Amino acid sequence: MQFDQLKRREFITLLGGAAAPWPLAARAQQSAMLVIGFLGGTSPDTFADRVRAFRQGLKDTGYVEGENVPIEYRWAEDQFDRLPALAADLARRQVAVIVATGDITSALAAKAATTTIPIVFNIGDDRSGLVLLPASPGRAAT
């Protein structure tokens, strides 16, 4: 009987100890939500179809903007000299990834702003040297 009481007491202690940090863990998970940085050289209207497709791709993998993934948009509005400052702003915000849209200019601005945040971009070829071998240190561009 004493062994039973000990096991029960240990179980209750374990359960209580495990349950106590749940609210803290929930808050930590909420504050650690991934934030996607979206950097564009033009305007949102120019890339409306691509942004819509991007959101749908995220949704297909379980990420819904405004529900479980925030997206920080930065648009240069065809003022390409603004891209470095916009990319630096996303880097300061410590987004989880920067999606650089448009031509190579936005990807180069993102690359100049950070060596640690992954950068995703789409261009036909990489004559710019943005992507090196995966083992290359200091490169986070795909």
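This one's a predicted model, so the numbers in the text were calculated from it and none came from an experiment.
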### Message
Is it the case that the side chains of Asp45 and Ser43 hold a donor-acceptor pair, with the cut-off being a distance below 3.5 Å and no angle test?
### Response
no

### Message
Looking at Ser106 and Asp103, would you say the former's side chain and the latter's main chain have a donor-acceptor pair under 3.5 Å?
### Response
yes

### Query
Would you say the side chain of Val97 lies within less than 4.5 Å of the side chain of Leu34, judging by non-hydrogen atoms?
no

### Query
What's the shortest heavy-atom distance between Gly40 and Thr101, and which atoms?
CA-OG1, 3.3 Å

### Message
Suppose we screen for side chain to side chain contact (heavy atoms under 4.5 Å, CB included). Which residues come up paired with Glu67, at least two apart in sequence or across chains?
### Response
Val64

### Query
Sequence neighbours excluded, which residues qualify as salt bridge (charged side-chain N to carboxylate O under 4.0 Å, His left out) partners of Asp89?
Arg74, Arg92

### Task
Check salt bridge (charged side-chain N to carboxylate O under 4.0 Å, His left out) between Arg93 and all other residues, then give those that pass, not counting sequence neighbours.
Glu72

### Query
How would you list, by chain and number, every residue that makes a side chain to side chain contact (heavy atoms under 4.5 Å, CB included) with Ala87, sequence neighbours excluded?
Leu39, Ala109, Ala113

#### Entry: Heavy-atom pair with the smallest gap, counting every atom of Ala76 and Arg82
O-NH1, 3.3 Å

### Query
Of the non-hydrogen atoms in Pro118 and Ala96, which two are nearest, and what is the gap between them?
CD-O, 3.3 Å

#### Entry: Neighbour count >12 (heavy atoms, 6.0 Å) for atom CZ, Phe80
yes

### Query
Which pairs count as ring pair (Phe, Tyr, Trp, His ring centres under 6.0 Å) when at least one residue sits in residues 38-61, sequence neighbours excluded?
Phe38-Phe54, Phe38-Tyr73, Phe38-Trp75

#### Entry: Side chain proximity check, Ile71 to Leu58, heavy atoms < 4.5 angstrom
yes

### Task
Count the heavy atoms belonging to other residues, nucleotides or ligands that lie under 6.0 Å from CD of Gln94, then report whether that count exceeds 12.
no

### Summary
Contacts of Arg55 meeting salt bridge (charged side-chain N to carboxylate O under 4.0 Å, His left out) (sequence neighbours excluded), chain-then-number -> Glu65

